[in-house]
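See below for the structure under consideration.
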Amino acid sequence: MLNINKISFTFSVPVIVAVGFNIWAITPEERGKHDKQFDSLAPTLGYLSGDQARKFFLQSGLPTAVLADIWALADIGKDGKMDRLEFSIAMKLIKLQLQGQPLPSSLPIIMKQTPTPAMTPSSRFGMGSMPNLSAMSVMPILTAFPAAPAMTSLVPVPTLISGPLPQMPSSLSVPALPNGNANLLTPTPGTVTPSILNSCANHHFAQMKKHTNHLFLNFHSSNSSSTTSLASNSPKMNASDWAVPQSSRLKYRQQFNSLDKLMSGYLSGPQVRNALTASNLTQTQLATIWALADVDRDGQLRAEEFILAMHLVDMAKTGRPLPLTLPSDLVPPSLRGNAELEKRRLALREEERREEERRRQKEREEREQKEREAREMELRRQREEERRIERQRELERQREEERLKELERREASGACKGRPLEYYSKASRLQPVVTTEATCAALTTYRALYPFTARNSDELTLEADCLIEVDESTVRETGWLYGSYRGNSGWFPESYAERCSKGTQTEWTATNSQSTAVALCEWSAKTDSHLGFSKDDIITVLEKQENWCYGELNESRGWFPYILIKLNCHFLFVLILLEYVALYTYESPESGDLTFCADDVVLVTEREGEWWRGCIGDQSGLFPSNYVKPKEPDTANPGVPGKKPEIAQVTTANAAKTPEQLSLTPGQLIVVLHKNSNSWWLGELQARGKKRKKGWFHSSNVRLLEANSGKITPASQPLCQVIAMYDYKAANKDEMSFQKGQLITVLNKDNPDWWKGEVAGVIGLFPTNYVKMTTECDPSQQWCADLLSLDTMGSEERKRQGYIHELIQTEESYLEDLELALEVFYKPMAESGRLTEAEMSMIFVNWRELIMCSTKLLKALRVRKKMAGERMPVQVVGDILSSELSHMQAYIRFCSCQLNAAALLQQKTDKSADFKLFLKKIASNYRCKGMPLSSFLLKPMQRITRYPLLIKNILENTPSTHADHANLQAALEQAEELCSQVNEGVREKENSDRLEWIQNHVLCDGVIEHLVFNSLTNCLGPRKLLHSGKLHKTKSNKELWAFLFNDFLLLTYTSKQFSSGPDKLFNPNSNAQYKMYKTPVFLNEVLVKMPSDPSSDDPIFHISHIDRVYTLKADSIYERTTWVQKIKAASDNFIETEKLKREKAYQARSQKNSGIGRLLVTVLEATELKPCKPNGKSNPYCELTMGAQCYTSRHQPDTLNPKWNFNCHFFIKDLYQDVLCLTIFERDQFSPDDFLGRTEVPVATIKKDQDGKGPLARRLLLHEVPTGEVKVRLDLQLYDQTPHP
């Protein structure tokens, strides 16, 4: 190896003296290549069209906004097409942009001139042409000689540390300026270590690779014939095909042997020095030769490497240029292959480094997230503790005053003769005497009414609403009780607590008062009352309250967050669970919610805020508190006179799965307290010698006994099943309630008018005129009167048609309810003036958009039904569902605002009796069927959650080979995704509220369409607000308020300011109004740039959008960085999403399955379309679909008679199942596209009409609109003419 102490190498940066050289000039070589590429694109009459040039320019990978700027500069004639000169200018600008050179503000004059051969520095000094010279002008040069005296440097370069010749990777060779003259270079002496040189070279080449596009640089890099010959892609050669001549090998082998006196097989730097300096070449050339010859990068030359170095010396002496990288034919045969291995090794190492960095970043983010949650939880607990202490102090003061007044009154009246006034004297109370009997006695649970603070060691400190275990058998003084709370025991005033009533609650005695838990992470105690621990510590949990636990670890006790532990077993306490009755039916798609029906009993376990936690049977979860009310004591107490309790006997043993359930043993008796609709009953276990326990049990494990007898009522055998045609509410105790569509099992038919039946575990009487036999209610008979057709169908197809009919019928009913709410409630409320326009908008939100969504779906289904024939089976509906569900994002906005609407309605009703009476009066309309406004406001949420169920029913009865199966599967995914988006919209309440605030405070009069902020974007899902704040224009210093969404950037300015001080953004009480400054800037067309000097203290940045550039100024450097990063991230996401969408559509069209032919379609024109814009025009476009295959034409602006001439083709899978669908839409930029009509043509009809006559031209009438027709040309081409079986 090379001795570090004996030799040093100079690091010098050559600077090209650009004598007469202009980077914007187009060389003759470049112009020649541009002309060849221009001819290859097949120009017409000497011009390339915009589409031809655009497709080729897009291959560069540059953003469309940058390519638009390049087109604007290169299109000199402004005619939308390019000749040879304009094409050459565009190619030159693309090349410079890829190399990192910014675009000029205007086209340099030199680019318009005819290129002439220029005397470059390289040609004047025998260097040949140097490809990409500007890109290599700052590469480090290694020389194996002492540094020359320093010259006047054009670019100052710092001196680095000395070191040996660097070990460069074989895949990266050090570029130099071959055969250059030293007078053209400005070397700065200094020496460098291998590590520093390696990092510099790697960084420079990484930057070159990042900014170089392979396709375009092949067209632009200039190369001389000699360089091309050295770097050409010659075929692989064996050892005998080394490019070094045989004579040179023999000559320089002898010279190598003469220099290698020690016969070590290699020569060091000092040994080679004399041989190289004898060539009289410059230091730069010799450094390049050394870098190329030292193939294995070991700092020394072996025999073949020495021969190669001397061969390169001969090349340089004869005037031939040295290659920038070593060609494969010059690599010594024994060293071939090492370069590729080294390159792969470095790439693998880099990938491992990046993966490790990603893993560390993820761990760091997870750790920070947990710490942040713990801090937030601790802060909330501290605030609650402060509020609790304040309440305790206030109540204690009041209680003390009342107690003193009471004692004074008693003393004055003589009621307390001889009783000392000191009420809390320790000597005045008896110590508790605990006997064996007292220990075994059951404890009584008391609830604290007020907080009580102990004044000595014998007393017990209490908190308001806490539960205390009291042994009433303890010998005590009148007015005092002895109990335990949180592991402490002591005396407390009896008047401070009350015994828990048995009529409104259910009690459980703790079966396991302690439980162990494992710490999930480390947590430090913040106060003296906290318990700190490390990860994986075993903690004994003594008590749990809401989100905190009280536990013991290493003889220390304290509180800690519940989220930081994992319990090892069920944690059972003395629970006081309140019974509540459901006022309404609650259904939710969330897995953590508790669903129930009206009149069900719910055991509430936690009451906090508007969402409570409860359980029914084996189900538990969250539910809205305004859906339930406390259960009346007379209905919960089985001992109330006048009511015969129902007794059930256990028939099947069952172990309780949760503390709220009863463990059953055959023969036990249970008093039935309530029967829920889900077959789970609430009862009280009658265990002899034990305390009676309440809990849930399943009705299938018991049998009801006759009242006041021990006889078991034999189970009634079901006679048949019927379907409810209407809702029925039980009027008497022996009747049962049910809803329309429920299946009822008939147990007795003795009375022809009233039958006895069972539904959802409840048995009772019901009127026979409210039901129909299941055999009379075959859903298929509701849509098909042709019994012969029914008989020819299988049972699965009949069910499928029934469910399709149910989908259409329920959609019609739902749309009627929406329109009814608009007519019966909205109009009278708006006309009465009882609510402001803002309050009406808050309650009904976007009700008309919901009507539009349902109308479009129903119209499409009706057209499909009409085209299939009245009372005939519908073959395909999945494509309609999939298409329409993707446009139902209006539900996201409505559902996210529903809680606010319900709160406002409740607030108005509570405050104004007149308004409450008014709502009741308009709800008395017979068409409302007794339902209030709140019930209608729930229907959109109920409908959107029902779509997946309806589609799933159709899909389950559709064979996998059916033409509609794939469409239904896609529709089901769309419906479930829509429900997820609705849930996400509800959860992202803050984002929705801010979008609604912007809707009410930003005036968008300048936009043609009405801009709805809280709605669906074009292809990014729901709109989200990413960032907002104040900016200023750089020149005029005009104040702007910017709102960055995930699809566009909106710049506004303050138009009205009613308050005295400045209003903050998103303040509900703000009166400020904002007007749009410029048209919204869409992020898929934007390019954000930092200033030319990013280190400047002036926080400005530039936003380039098509032909406009905004120069904006933020309040600080940090705020500028935030804006730039967020705009770039949103723009990249927008562009990538559009790219994936195009690729997906292309893949769906390009898949050639086992089809039988193809259909060529040309949409020629449409006439007399429905006007949508205020000027009486529309922006129509046509969407053509056949299953998953979809095409969309361009929209025609401001016309009712568009001429598209749009061509497309579809692959035919099934001649008798495939249907061509044409739908006309109005292109809206911000709101959902409007429906202008739809028509369908079955492929079988096209085949019948064509019948070998060639392409057909047809005018098709658009349905579900008052006017419009579309003209198409159809050409069906079948691969196989065999008849369809």
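- Between the W696 side chain and the W680 main chain, no donor and acceptor come within less than 3.5 Å of each other.
- Remark: side-chain polar atoms of D727 are paired, donor with acceptor, to backbone N or O of K740 under 3.5 angstrom.
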Mind running side chain to side chain contact (heavy atoms under 4.5 Å, CB included) on L594 and L622 for me, showing each step along the way?
CA-CA 5 Å; L594 177 67; L622 298 174; over 6 Å; no
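- With rounding to the nearest 0.5 angstrom, the CD1 atom of I951 is 11.5 Å from the OG1 atom of T958.
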One pair to check against salt bridge (Lys or Arg N to Asp or Glu O under 4.0 Å): K729 and D599. What are the steps and the verdict?
CA-CA 11 Å; K729 181 73 173 179; D599 298 326; 2.6 Å; yes
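- In this structure the side chain of F844 reaches within 4.5 angstrom of the side chain of M829, judged on heavy atoms.
- Using a 4.0 Å cut-off between a side-chain N of Lys or Arg and a carboxylate O of Asp or Glu, D817 and K939 qualify as a salt bridge.
- Taking each heavy atom of N676 and W681 in turn, the nearest pair found is N-CD1, 3.9 Å.
- Under the 4.5 Å side-chain criterion, counting only non-hydrogen atoms from C-beta, I843 is not in contact with N900.
- In this structure a side-chain-to-backbone donor-acceptor pair under 3.5 Å is present from S896 to R893.
- Here the side chain of T945 pairs a donor or acceptor atom with the backbone of M941 at under 3.5 angstrom.
- For the pair R613 and F623, the cation does not sit on the ring face, since its NZ or CZ is not both under 6.0 Å from the ring centre and inside 45° of the axis.
- With hydrogens and angles ignored, the 3.5 Å screen pairs no side-chain donor or acceptor of D600 with any backbone N or O of F596.
- Q801 places no side-chain N or O within 3.5 Å of a backbone atom of E797 that could act as its donor or acceptor partner.
- Within the 4.5 Å cutoff, side-chain heavy atoms of F766 are placed close to those of I744.
- Between I647 and V671, some side-chain heavy-atom pair lies under the 4.5 Å cut-off.
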Y826 vs M840, side chain to side chain contact (heavy atoms under 4.5 Å, CB included): CA-CA, chis, key distance, verdict
CA-CA 8 Å; Y826 181 84; M840 291 292 293; 3.5 Å; yes
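- Residues L603 and I616 form no side-chain contact, since every pair of their non-hydrogen atoms from C-beta on lies 4.5 Å or further apart.
- Taking CG from N701 and OG1 from T652, the interatomic distance works out to 5.0 Å, rounded to the nearest 0.5 Å.
- With hydrogens and angles ignored, the 3.5 Å screen pairs no side-chain donor or acceptor of S625 with any backbone N or O of W611.
- Distance OG1/T665 to CD/Q668: 4.0 Å, rounded to 0.5 Å.
- Within the cation-pi definition used here (under 6.0 Å to the ring centroid, within 45° of the axis), R946 does not qualify as a partner of Y814.
- Looking at heavy atoms from C-beta onward, K756 lies in side-chain contact with I763 at the 4.5 angstrom threshold.
- A salt bridge between R834 and E839 is absent, with no side-chain N of the basic residue lying under 4.0 Å from a carboxylate O of the acidic one.
- Atom NZ of K859 sits in a crowded spot, with more than 12 heavy atoms from other residues, nucleotides or ligands closer than 6.0 Å.
- The two residues M736 and G764 come nearest to each other via the heavy atoms SD-N, 3.7 Å.
- Counted within 6.0 Å of CD on E587, heavy atoms from surrounding residues, nucleotides or ligands total 12 or fewer; the atom is thus considered open.
- Between E816 and R927 there is no salt bridge, since no side-chain N of the basic residue sits under 4.0 Å from a carboxylate O of the acidic one.
- Side-chain N/O atoms of E811 and S854 include a donor and acceptor closer than 3.5 Å.
- Without hydrogens or angle criteria, N953 side chain to L950 main chain gives no donor-acceptor distance under 3.5 Å.
- The shortest non-hydrogen separation linking C928 to A923 is CB-O, 3.6 Å.
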Does the side chain to side chain contact (heavy atoms under 4.5 Å, CB included) test come out yes or no for I670 and V650, once each step is laid out?
CA-CA 8 Å; I670 304 175; V650 179; 3.8 Å; yes
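- Atom CZ in F915 sits 4.5 Å away from atom CG in L835 (nearest 0.5 Å).
- In this structure, the side chains of L919 and T909 come closer than 4.5 Å at one or more pairs of heavy atoms.
- Remark: side-chain polar atoms of N846 are paired, donor with acceptor, to backbone N or O of A890 under 3.5 angstrom.
- Taking all atoms of both residues into account, the shortest heavy-atom contact from I944 to C979 is O-SG, 3.2 Å.
- Ring pair Y728/W754 is perpendicular by interplanar angle, where above 60° counts as perpendicular and below 30° as parallel.
- Distance CE/M931 to CZ/F936: 4.0 Å, rounded to 0.5 Å.
- With T810 contributing its side chain and E806 its backbone, the two residues share a donor-acceptor pair below 3.5 Å.
- Using a 4.5 Å heavy-atom threshold, the side chains of V771 and I723 count as separate.
- Closest approach of L685 to L669, counting heavy atoms only: CD1-O, 3.8 Å.
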Mind running side chain to side chain contact (heavy atoms under 4.5 Å, CB included) on M888 and Y947 for me, showing each step along the way?
CA-CA 11 Å; M888 288 192 176; Y947 282 130; 3.9 Å; yes
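- S737 approaches V759 most closely through the heavy-atom pair O-CG1, 4.0 Å.
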With salt bridge (Lys or Arg N to Asp or Glu O under 4.0 Å) as the criterion, how do K799 and E956 come out once you've worked through the C-alpha distance, each side chain's angles and the decisive distance to 0.1 Å?
CA-CA 10 Å; K799 289 182 180 179; E956 289 177 348; over 6 Å; no
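- Residues Y586 and D593 have side chains that bring a donor and an acceptor to within less than 3.5 angstrom of each other.
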Check against side-chain hydrogen bond (donor to acceptor under 3.5 Å, both in side chains), R703 and T651
CA-CA 7 Å; R703 285 187 178 181; T651 58; 5.3 Å; no
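- Summarising the geometry, atom OG belonging to S934 is positioned 10.0 Å from atom CD belonging to Q898; distances are rounded to the nearest 0.5 Å.
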